[in-house]
Each structure stands twice: as structure tokens, then as C-alpha cells.
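This report refers to the structure that appears directly beneath it.
Note that the structure is predicted; figures quoted are calculated from it, not measured. Keep in mind that the numbers below use all heavy atoms, side chains included, and drop hydrogens, waters and symmetry copies.
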Protein chains: 2
Amino acid sequence: MLQLVLSIRFTRIMNNTRFATALHILTLLADSEGEWLGSEWIAGSINVNPVVVRKELGVLIKAGLVQSRKGKVGGYYLQKSSKSITLDEVYLAVKNTEVLGKKNLLPNPNCPIGKDINVHLGNLFSDLDQLVLHELRTRTLENFVAEFH
Amino acid sequence: MLQLVLSIRFTRIMNNTRFATALHILTLLADSEGEWLGSEWIAGSINVNPVVVRKELGVLIKAGLVQSRKGKVGGYYLQKSSKSITLDEVYLAVKNTEVLGKKNLLPNPNCPIGKDINVHLGNLFSDLDQLVLHELRTRTLENFVAEFH
DNA sequence: ACTAACTGTAACAAAAAATGTTACAATTAA
DNA sequence: TTAATTGTAACATTTTTTGTTACAGTTAGT
């Protein structure tokens, strides 16, 4: 029963703008090296609420991609060079489930297929996730930013 | 304005159990060749509502993967052999957006980055989608079903 | 010390998306 | 004619995402 509750809580998915938002933020930071950017300014470029930006920046900070400075002249700055940031790091920071989506929670254990389906789906989902991560790892933030010039 | 509304309407994503459900259905059909399965029975294996199953089957029928029979001894049957069904067909049938998620709707057109971000994100998203489709194309329903034996 | 301009986060509100449900017309075998 | 089924619309509910308000904590400049 506890297991069930836990699997409900952690079965989430990537059905959102978080990757787009995170990469937008990082692109802005990479493109304005030397300056610390504020959440208000970043939010103006993405056209979302500044609090949403600060929350996402919190995630990027935890992932070691961004640093922040508090106080009057506070703001955000890349923690590593854009050359050393690969897009799989961004994806891993924001993702909360697999690319093929969710599994059904309680397939029938008395059915030969239902009994094992989530194991086999799990393998498939995991394979596809690895594939995506591997590809994203070949792409750097520097590469991405260069496309804008 | 109309464009905006349309882009909202069609900016959906794969944050659901539809791929899992569709593949579960197809696995059952492939595994019981010779019999027509009813939506109630299928729903019992997945443990979801029969109407949800019928809706998803409607999608698989449109995709040319399943056929149906109405009336008293109605039910569902594969339209093609499991050997000739590849998993990209399943994914294409159920998917409604790209694997990396959604883009933000209205990035600032007065910002050099915001102005072009969706074009570049679009290219990236599309690349990753192609990668996933290509991999899924190498896997058949027959292969998948074989894992259960 | 005081103020102004920030970050960090909690708590809540609103909107959007996914899933479940009821109901019933249409179909078909017996 | 009946019983069992598909197909689908309409609506309800739940879950997830996104937005918002509020404010404590921090820091530079006066």
C-alpha cells in the first residue's frame, strides 16, 4: 500500500515547458557573459512569471549549472563555461519521467500479459531514455547559442 | 489572435499513459491470435475503463493497426501481422507532441534570443523526435510480445 | 543604520490536460 | 426480438502545470 502511494507520487512526466524554459535561461546567461542577469529580466525574455524563472533557476543551481548572488546587485551567472555544459545535463535537471510517458498503475496481475507488461514497458522506456540522453550529450550549450549568431 | 488560440489548442504533449495503453492492447491482440477480444476484457487486463480502451482502439483503427467488428460477437483483431507492426507506428498514432516537451508560447520578439528561440528549440525537438522514431522503427510488436514467453 | 533591489520559497489560485463515467444510438448473431 | 457489442458524445473528476501573492533574508550604496 505504501509502495502504491509512492508509485503514484513519482509517476510524473515531461509534459511541460520546463526544458524549453531552462534552455532559454541558459542561453540568455551564456549570451551575456560578464553580466549578472536578474530573474525579472529573464522572465521578460521568456514571457513568463519571474517566480517561475526563479524556481527553475533553483533547479539549475542544484544541478551545478548556474550560480546566484543575493542582495541589491543580485542575479544569476553560469557556473561552468557554456562549452562544458551538455544538453543532457539540462534534461536530467528538469525531467521527471520517461520520454514514452507513463505506465498504467495497476495492470491485472492475474493476466499473463498484465502481470509482466510494466517490466517490459520499463525496459523499452529506459532504452529510449538512454538514447535521448546520449544524443543530448553530444550537444553543448555553446553549440546551441552559436545558432543565434 | 486566431493563430494564438490554435497554437494553444495544438500545443499538447505526451504526458500520459496512451503509449503504454496502446501497446498493452496490441500485445493482448497479438497474443491471442484467432480470437476477437472485447473492450471489456481488454480493460480488465489494463485495469482501466472500457470506454478509455474503446477510444484508444479507435485511434489504432485509424492508424491501420487494428480492425473491429460490431454487434453481438463484436470485438477487435489485429489488422496486420505483429511481425509487420513496428513501434514507431504505435508512437505516431498516440503521440501529440515532441519528446522534449512544449515550447513557451510567446517569447519576447524584442529580445535577440527570445525572437529566435522557438525556431532553434524546434530544430532540436525535431531531431530528438526523429531519433526516437528511428529506434522504435527497429522494434516490432512480434519482438515485444516474444519477451513475455 | 536605513533603504532599495534583489533572491529564495511557501502557500495558494487558476488553468490546462488527462482520465473516468454515464448514456445511448447503431449494429449484428442467435 | 433480444442480448451483447462497438462508437461516441457529453460531462465529471482528478492530476498536473502554471501563475500569483507575500514575505523573510541578503547585500550595496547612501
Separation between OH of B:Tyr76 and CG of B:Leu29, rounded to the nearest 0.5 Å
10.0 Å
Among residues 53-60 of chain B, which residues get a heavy atom nearer than 4.0 Å to DNA chain D?
B:Arg54, B:Lys55
Answer with base, sugar-phosphate or nothing: what part of the nucleic acid does B:Val51 contact at a heavy-atom distance below 4.0 Å?
base
When rounded to whole Å, the CD1 to C1' distance for the pair A:Ile61 and C:dG8 reads 9 Å
Quick check for you: among D:dA3, D:dT16, C:dT9, whose closest atom lies nearest to any side-chain atom of B:Lys72?
D:dA3
Go through it in stages, so that I can follow the logic: the residues are A:Arg137 and A:Tyr91, the test is side-chain contact (heavy atoms from CB on, under 4.5 Å), and I'd like the CA-CA distance, side-chain angles, deciding distance and then a yes or no.
CA-CA 10 Å; A:Arg137 189 156 176 68; A:Tyr91 185 66; over 6 Å; no
Could I get the full list of side chain to side chain contact (heavy atoms under 4.5 Å, CB included) partners for B:Leu131, not counting sequence neighbours?
A:Leu131, A:Glu135, B:Leu128
Whole-Å gap separating P (D:dG7) and CZ (B:Arg69)
12 Å
Roughly how many Å is it from CG in A:Asn16 to P in D:dT15, rounded to a whole number?
18 Å
Name every residue in residues 32-49 of chain A that has at least one heavy atom under 4.0 Å from any atom of DNA chain C, in order of residue number, or write none if there are no such residues.
A:Gly38, A:Ser39
Taking the six-membered ring for Trp, are B:Phe125 and A:Phe19 parallel (under 30°), tilted (30 to 60°) or perpendicular (over 60°)?
tilted
For D:dG7, does OP1 or OP2 lie under 4.0 Å from any side-chain N or O of B:Tyr76?
yes
Establish whether B:Leu28 and B:Trp36 are linked, either directly or via other cluster members, by ILVMFWY side-chain heavy-atom contacts under 4.5 Å.
no
From the options C:dA29, C:dT21, D:dT16, select the nucleotide whose nearest atom is closest to the side chain of A:Lys102.
D:dT16
What about A:Ile42 and A:Tyr77, same hydrophobic cluster or not, with Ile/Leu/Val/Met/Phe/Trp/Tyr joined at side-chain heavy-atom distances under 4.5 Å?
no
Is the side chain of B:Asp116 donor-acceptor paired with the backbone N or O of A:Phe148 at a distance under 3.5 Å, no angle test?
no
Sorted by position of nearest nucleotide on DNA chain D, 5' first, the leading residue of A:Val73 and A:Val52 is A:Val52
Atom pair distance, as rounded to whole Å: NZ in A:Lys103 and P in C:dT19
14 Å
Of the nucleotides D:dG7, C:dT7, C:dT19, which one has an atom closest to the side chain of A:Lys70?
C:dT7
Could you measure the distance from the CG atom of A:Asn118 to the CG atom of A:Asn123? Nearest 0.5 Å is fine.
11.0 Å
Would you check if the side chain of A:Asp129 reaches a backbone N or O of A:Glu98 as a donor-acceptor pair within less than 3.5 Å?
no
